[in-house]
Amino acid sequence: MRRFSERVESLPPYLFAEIERKVAAKRAAGVDIISLGIGDPDTPTPAHIVAALAEAAKDPATHQYPSNQGSRPFREAVAGYYRRRFGVSLDPEREINAVLGAKEAIAHICLCLLDRSDVCLASDPGYPVYVAGPLLADGHAVRLPLVPELGFQPDLEAIEPAALTRAKMVFVGYPNNPTGAVIEDDFFARLVAFAKEHDLAVVHDNAYADITYDGYVAPSFLETPGAKDVGVEVFSLSKSYNMTGWRSGAIVGNAELIEAFWRLKTNMDSGMFEAVQRASAAALDGPQDGVAALRALYQRRRDLLVGALRAIGLAASPPKGTIYLWVPVPTGHTSASFTAQILEQADVIVSPGAAYGPSGEGYVRFSLTLPDERLREAVRRIEERVEL
Ligand SMILES: Cc1ncc(COP(=O)(O)O)c(C=O)c1O
C-alpha cells in the first residue's frame with residue numbers, strides 16, 4: 001500500500017489497542033469482563049423520543065437530503081432549550097448549526113480555525129479529539145495541564161508566550177471529561193478576557209451539561225458576558241437523553257464562526273437525518289424528567305462506587321458532574337500498569353489516565369454506566385484478586 005498522508009500518520013497511537021486485544025482474547029476464552037472503560041449510557045433513550053423518531057421515519061419527507069444547517073424546527077428547539085435551561089438567547093438563523101454529535105463539531109471546527117503550524121490550546125487530560133482534530137487540520141495542540149490544586153482548570157497565565165503567539169483556538173469543557181471537575185468560580189469570565197487579549201477562539205465542550213450531582217447546575221459558557229464575541233459551545237444530546245448512537249448535537253454561539261462551520265460542513269457531509277432532527281426536537285422540547293432520573297441514577301452509582309473504592313483503599317472522590325470517577329492509582333503504579341493489572345487479574349476494564357494526555361498520568365477513569373451489581377462485583381474482584 002502506498003504511504004498515507006502525514007496528517008493521518010501523525011495521529012497519536014490508539015492507546016486502547018493493546019487493551020482491546022487482551023479483552024478480545026479473554027472474551028474468546030469465555031471470561032466475563034466488566035467494562036468500566038467507556039462512557040456510553042447503559043439505559044435506553046426515553047420512549048417519547050423513540051416514538052417521535054418512529055413517527056418521523058414514516059413521513060417520506062424525512063427520507064431526502066436534510067438541510068445541513070439543521071431544520072428550522074430543530075434549531076428553534078435548540079434555541080428554546082438554551083433560553084429555558086441557561087437563560088441564553090440564540091438566533092436560530094445565525095447562531096445555531098446542527099452537528100452529528102459533539103465529536104463531529106470538535107473535529108471540524110479545527111478545520112475552520114487552523115492553518116498549517118497553527119496551535120490549538122487543549123485541556124490535558126482531555127477528550128482525545130482536542131488533540132487529533134488540530135493534527136487533522138495540519139496544526140497541532142499545545143496542552144494545558146489540568147491539576148487538582150487548581151480545580152482542574154488550566155492556568156492561563158502559565159501558557160508559553162511562543163505557543164500563545166501561534167494559538168488560534170482553545171478547547172475546554174466543563175463538566176469535565178475525564179476529571180469530573182465543574183466550574184464554580186469566574187473561570188469563564190477570565191477565559192473570555194484572555195481570549196480577547198490574545199485573539200483566540202474559545203470552543204467550550206458542554207457534552208455533560210445536564211449530568212450533574214448534589215444540586216449543582218452547570219452553566220453554559222455562553223452565559224458569560226462577551227462569550228459570543230469569542231467563541232462557540234458544542235452541545236450534545238448523547239448523554240442527557242441516552243442518544244449516543246443517534247449522533248445529534250449542535251454548535252452554537254458566535255455567528256461568524258457558525259457560518260464558517262456551515263460552509264465547511266456543506267463540503268463534508270449532508271447533515272443530520274431529518275427524522276433524528278425531529279426526535280431531537282422532541283427530546284429538547286419535551287418532558288425533562290428522564291434527565292432528572294438519569295442524574296439520580298448516576299449519583300447513586302457514583303456514591304456506591306466511591307464508597308466501595310474507598311473501602312479497598314483507593315482515593316476516590318465524588319465528582320459534581322459527568323459519568324466518571326477520576327481516581328489516583330496506588331503508589332508504585334502508572335495509569336497503564338494499574339489498568340493492565342486489574343484487567344489481567346480482576347477482568348475489569350478501566351481507562352488509563354494517560355490516554356487523555358500526559359497530565360492524566362497517575363489516574364484511571366471509572367465509568368458509571370453499569371448497574372449497581374456490576375459495579376459492586378468489579379470492586380469485589382479488585383479487592384479479592386489484586387494486591388493494591
Ligand atoms: C468531553 C466529550 N466531548 C464530546 C463527546 C462526544 O459526544 P457526541 O456523542 O455528542 O459526539 C464526548 C463523548 O464521550 C465527551 O466525553
Side-chain angles (χ1 to χ4, degrees), residues 15-16 35-42 45 49 70 74 78 81 96-110 120 122-134 141 143-144 146 152-154 169-183 202-212 218 220-221 231-252 261 265 268-269 271-273 276-277 279-280 283-284 291 294 298 319-326 350-351 353 355-357 359-360 365-369:
L15 279 158
F16 295 98
S35 178
L36 304 173
I38 289 177
D40 198 350
D42 58 317
T45 310
I49 304 173
F74 172 81
V78 173
Y81 172 89
I96 301 177
N97 206 102
V99 296
L100 304 173
K103 190 178 203 174
E104 187 245 287
I106 292 164
H108 281 159
I109 194 79
C110 300
C120 168
S123 300
D124 163 29
Y127 186 57
V129 189
Y130 301 164
V131 172
R143 299 173 194 263
L144 304 182
L146 308 184
F152 294 111
Q153 292 176 10
M169 63 183 292
V170 54
F171 275 128
V172 288
Y174 297 92
N176 183 263
N177 174 18
T179 67
V182 297
I183 294 298
V202 175
V203 181
H204 181 249
D205 179 354
N206 211 355
Y208 298 89
D210 286 323
I211 309 298
T212 54
S220 162
F221 170 65
V232 288
E233 182 157 275
V234 176
F235 172 73
S236 169
L237 280 82
S238 285
K239 304 290 157 51
S240 306
Y241 305 102
N242 293 339
M243 289 172 66
T244 49
W246 299 51
R247 315 314 304 134
S248 177
I251 185 164
V252 303
F261 184 89
K265 193 172 154 62
M268 308 291 276
D269 62 54
M272 194 196 304
F273 180 24
V276 171
Q277 295 193 54
S280 300
L284 296 170
V291 195
L294 213 46
Y298 290 135
K320 283 198 180 157
T322 77
I323 50 179
Y324 311 108
L325 301 189
W326 187 237
V350 295
S351 297
Y356 303 92
S359 300
R365 194 192 78 171
F366 287 75
S367 166
L368 299 173
T369 51

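The residues of the chain are indexed from 1 along the displayed sequence. Whatever order the structure lists ligands and atoms in, that order sets their numbers, starting from 1.
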Going by side chain to side chain contact (heavy atoms under 4.5 Å, CB included), Pro125 matches just one of Asn176, Thr179, Asn177. Which one?
Thr179

protein heavy-atom neighbour closest to atom 9 (O) of ligand 1 works out as Ser238 OG, 2.6 Å

closest protein heavy atom to atom 13 (C) of ligand 1 is Lys239 NZ, 3.0 Å

The atoms of ligand 1 lying under 4.0 Å from a heavy atom of Gly101, numbered in the order shown, are 10 (O), 11 (O)

Pair Thr369, Ile38 - check side-chain contact (heavy atoms from CB on, under 4.5 Å), show working.
CA-CA 8 Å; Thr369 51; Ile38 289 177; over 6 Å; no

Which protein heavy atom lies closest to atom 6 (C) of ligand 1, and at what distance to 0.1 Å?
Tyr127 OH, 3.4 Å

Taking the six-membered ring for Trp, are His108 and Phe261 parallel (under 30°), tilted (30 to 60°) or perpendicular (over 60°)?
tilted

Note: ligand 1 atoms sitting under 4.0 Å from heavy atoms of Asp205 are 1 (C), 2 (C), 3 (N), 4 (C)

Does an N or O anywhere in Tyr208 fall below 3.5 Å from an N or O of ligand 1?
yes

Rounded distance [0.5 Å steps], CZ in Phe235 versus OG in Ser240:
5.5 Å

Working note: Asp40 + Thr244, criterion side chain to side chain donor-acceptor pair (under 3.5 Å); need CA distance, chi angles, decisive distance, verdict.
CA-CA 7 Å; Asp40 198 350; Thr244 49; 2.6 Å; yes

Determine whether a donor-acceptor pair (N or O, by modelled atom type, separation under 3.5 Å) exists between the side chain of Asp124 and the backbone of Ser359.
yes

Determine whether the side chains of Ser351 and Tyr356 contain a donor N or O and an acceptor N or O closer than 3.5 Å.
yes

Atoms of ligand 1, numbered as shown, that sit under 4.0 Å from any heavy atom of Ser236
8 (P), 10 (O)

Output yes when the distance from some N or O of ligand 1 to some N or O of Glu104 is under 3.5 Å, and no in every other case.
no

Under 4.0 Å from a heavy atom of Arg247: give me the atoms of ligand 1 that qualify, with their elements.
8 (P), 9 (O), 11 (O)

Tell me whether Ala102 has any N or O atom under 3.5 angstrom from an N or O of ligand 1.
yes

